[in-house]
Amino acid sequence: MAAPVADAELDNQDYYSLLNVRRETTSEELKSSYRRLCMLYHPDKHRDPELKRQAEKLFNVVHQAYEVLSDPQSRAIYDIYGKRGLEVEGWEVVERKRTPAEIREEFERLQRERDERRLQQRTNPKGTISVGVDATDFFDRYEEDFEDTPSGGFPQVEINKMHISQSIEAPLTARDTAVLSGSLSTHNGNGGGSINLVLRRVTSVKGWGEVEFGAGDMQGPLFGMKVFRNLTPRCFVTAQCGMQFSSRGVRPNVATVFARHLDNNTVGYLQWRWGSQSSMNTSIVRDTKSSHFTLALQLGVPHSFVLMSYQYKFQDEDQTKVKGTVKYVSGFFGTVVEYGVERKISQHSVLGATVSIGVPQGVSLKLKLNRASQTYIFPIHLTDQLLPSAVFYATVGPLIFYLAIQRLIIQPYTQTQKEQDLKKQRENVALEIARKKHEAESAVLLMQESVRRIIEAEESKMGLIILNAWYGKFVTNNSRRQEKAKVIDVTVPLQCLVKDSKLILTEASKVGLPGFYDPCVGEEKSLKLLYQFRGVIHQVLSGDTEPLRIPKQSHRISADA
């Protein structure tokens, strides 16, 4: 199976990069770039049959790119979905006279319909496994050793509770979905299970409703209804009611939630719940790119509390998050302080650890692993008292364990996986890259005559001359052989783009420029130039997607260098 990333890069050729124009380019700039490439690749300018054939092929590609970008409707679709978007089933029925905004809306509707048909054949499994561990014997055990102790003095670790739940979704129609879920729980040898069926219907773009049926061996049959509705673009409300049937009679419950977006990152909630645990709750949640803050107040029976939580999100590739929470609960439960960290350990896995310190709950540690749509939770109760040793080991223990696992298992595994994926990706696109290389070499041959004239004109006025240009991945060691295997010579293609002693490259990837191809698929690439302007040597190293404009005074090489 071909690597999807590589296929997308090859099939969705960047038309903006091919024409060397900005994504915000005007019609005049687009037309100017198109005319220049047409003059370069026009088949009538070449007598050699092979060159003429290659010129005709490149001329057609440039013409196709210009036709898409010069048409507002086609350009609107291309900007959102790329080249493949223009080939989506149903595109031909869209009226060409519509505005780009209307075209986007119509195309997205066609895309949704196609996705909905695919979803009818899929499920969305979600599961949670929670295993409660009692490790209080490590810290709360008696110092004296009794002769009749069967464990021989070693601390005992027990699993005192467990919970398993699983759900699957089955799309019935474009608007209707059935969700089947089940759960099993056990605590100190006692437990039970339940099964639930939810039928959900999307009534409009503003809301949906669902009906729930449930049954279990502990609480009896359940019937409930839930409705969601967008009142305004900034407000929504959720209302639900249910009846739980048991040997003690019918237990009704009602809950409503009203929410309003206070700004782009802040939402305020008002919640009222009536039933076996009645409460009123108000909270403010602010979520930004770098932080998440929650402030909540609840008045209810049996629990009332004030909660403040702050989470800082590091802007790294592992999406590290550090969280701290303070919760004051009236009555028996006292005050609880929590702090923890969450980190992405692989493409689909997130690992987290949270330490909870409370009066009179004691100290506990919760480990959590999210793997795709499955969640594994391990709450470990360490002590019923506030012991500094328990807090220390709950904090330092997981950190040492994580660093050891990261260094010995995760890093070697991910590195091996990346190398295997990169190797497979290169194998899958080897033929396509060979074709691109052949096209680039043919384009360079077509540019030779134009480049000769450009160099003569630039030399006559001591203008811009590209001496050497390399594109690809540059290595830091001194192995010249390895460097040649990772880069390609793009001196001619860049000299061909020089106009009036200037070279301007847009922020698009350079791999789409005429005469370029990808010499190192899946790896980070750069562009290195050595050029002459007014008799002075200049040098610059630019990132693949960075815009570049030369000549510049800062690129000059000093006489000492």
Side-chain angles (χ1 to χ4, degrees), residues 125-141 154-167 183-188 191 292 294 307 309-314 316-327 333 335-414:
K126 296 179 181 179
T128 300
I129 297 178
S130 177
V131 180
V133 179
D134 184 357
T136 56
D137 203 32
F138 276 95
F139 302 96
D140 292 343
R141 63 198 304 261
F154 290 100
Q156 294 185 0
V157 177
E158 299 178 353
I159 296 178
N160 57 0
K161 58 183 177 180
M162 182 178 296
H163 175 80
I164 301 175
S165 64
Q166 186 75 28
S167 68
S183 64
L184 292 173
S185 300
T186 178
H187 189 191
N188 291 330
H292 182 95
T294 301
L307 179 145
S309 176
Y310 179 80
Q311 183 181 83
Y312 182 78
K313 308 173 186 177
F314 290 90
D316 57 0
E317 61 179 8
D318 295 321
Q319 302 176 10
T320 306
K321 300 177 183 178
V322 176
K323 179 182 179 181
T325 302
V326 177
K327 183 178 181 180
F333 290 96
T335 303
V336 179
V337 176
E338 292 184 351
Y339 56 90
V341 64
E342 183 179 287
R343 189 177 181 90
K344 185 177 181 180
I345 59 176
S346 68
Q347 183 178 0
H348 303 290
S349 301
V350 177
L351 181 64
T354 302
V355 178
S356 179
I357 307 170
V359 178
Q361 295 93 330
V363 182
S364 61
L365 169 66
K366 183 172 71 173
L367 303 178
K368 184 177 180 180
L369 173 64
N370 287 330
R371 173 67 179 173
S373 60
Q374 303 295 314
T375 303
Y376 305 91
I377 304 174
F378 300 91
I380 305 173
H381 189 199
L382 299 178
T383 174
D384 293 324
Q385 308 175 46
L386 294 182
L387 298 179
S389 59
V391 176
F392 174 79
Y393 286 111
T395 304
V396 177
L399 180 61
I400 296 177
F401 178 76
Y402 168 77
L403 293 176
I405 294 296
Q406 180 79 4
R407 182 65 61 86
L408 299 177
I409 298 178
I410 297 177
Q411 287 184 354
Y413 173 77
T414 54

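Excluded from the calculations below are hydrogen atoms, water molecules and symmetry mates; all remaining heavy atoms, backbone and side chain alike, are included.
Residues meeting the side chain to side chain contact (heavy atoms under 4.5 Å, CB included) test with I405, sequence neighbours left out: F401, I409, I410. Remark: F314 engages Y312 in a ring pair (Phe, Tyr, Trp, His ring centres under 6.0 Å) (not counting sequence neighbours). Under the salt bridge (charged side-chain N to carboxylate O under 4.0 Å, His left out) criterion, E342 pairs with K321, sequence neighbours left out. With sequence neighbours excluded, no residue forms a side-chain hydrogen bond (donor to acceptor under 3.5 Å, both in side chains) with S167. Annotation: side chain to side chain contact (heavy atoms under 4.5 Å, CB included) contacts of S309 (sequence neighbours excluded): T294, L307, K323, T325.
Distance check, rounded to the nearest 0.5 Å: NZ of K161 to OG1 of T186 gives 11.5 Å. Atom CD1 of residue I377 and atom OG1 of residue T128 lie 6.0 Å apart, to the nearest 0.5 angstrom. A distance of 12.0 Å separates CD1 of I380 from OG1 of T136, quoted to the nearest 0.5 Å. One distance of note links CG of L369 with CZ of F378; it measures 7.5 Å at 0.5 Å rounding. Atom CD of Q374 is separated from atom OG of S349 by 11.5 Å, given to the nearest 0.5 angstrom. If you take OG1 on T383 and CD1 on I357, they are separated by 11.5 Å, rounding to the nearest 0.5 Å.
Contact annotation: the side chain of H348 approaches that of R371 to within less than 4.5 Å [non-hydrogen atoms, C-beta and beyond].
Among all heavy-atom pairs drawn from P125 and S373, the shortest one is O-OG, 2.6 Å. Minimum interatomic distance between T414 and I345 (heavy atoms only, all atoms of both residues): CG2-O, 4.1 Å. A pairwise comparison of heavy atoms in R407 and P412 identifies O-CD, 3.4 Å as the closest pair.
Under a 3.5 Å cut-off, the side chain of Q166 and the backbone N or O of K126 do form a donor-acceptor pair. Under the 3.5 Å distance criterion, the side-chain polar atoms of T354 are left unmatched by any main-chain donor or acceptor of K366.
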Which pairs would a plain distance check flag for residues 384-399, meaning a side-chain donor or acceptor within less than 3.5 Å of a matching protein atom at least two apart in sequence or in another chain?
from: D384; atom 1: OD1; to: H381; atom 2: NE2; distance (Å): 3.0
from: T395; atom 1: OG1; to: Y339; atom 2: OH; distance (Å): 2.5
from: T395; atom 1: OG1; to: V391; atom 2: O; distance (Å): 2.8

Practice problem: Could you walk me through whether V157 and F138 pass the side chain to side chain contact (heavy atoms under 4.5 Å, CB included) test, one step at a time? | Solution: CA-CA 8 Å; V157 177; F138 276 95; 3.2 Å; yes
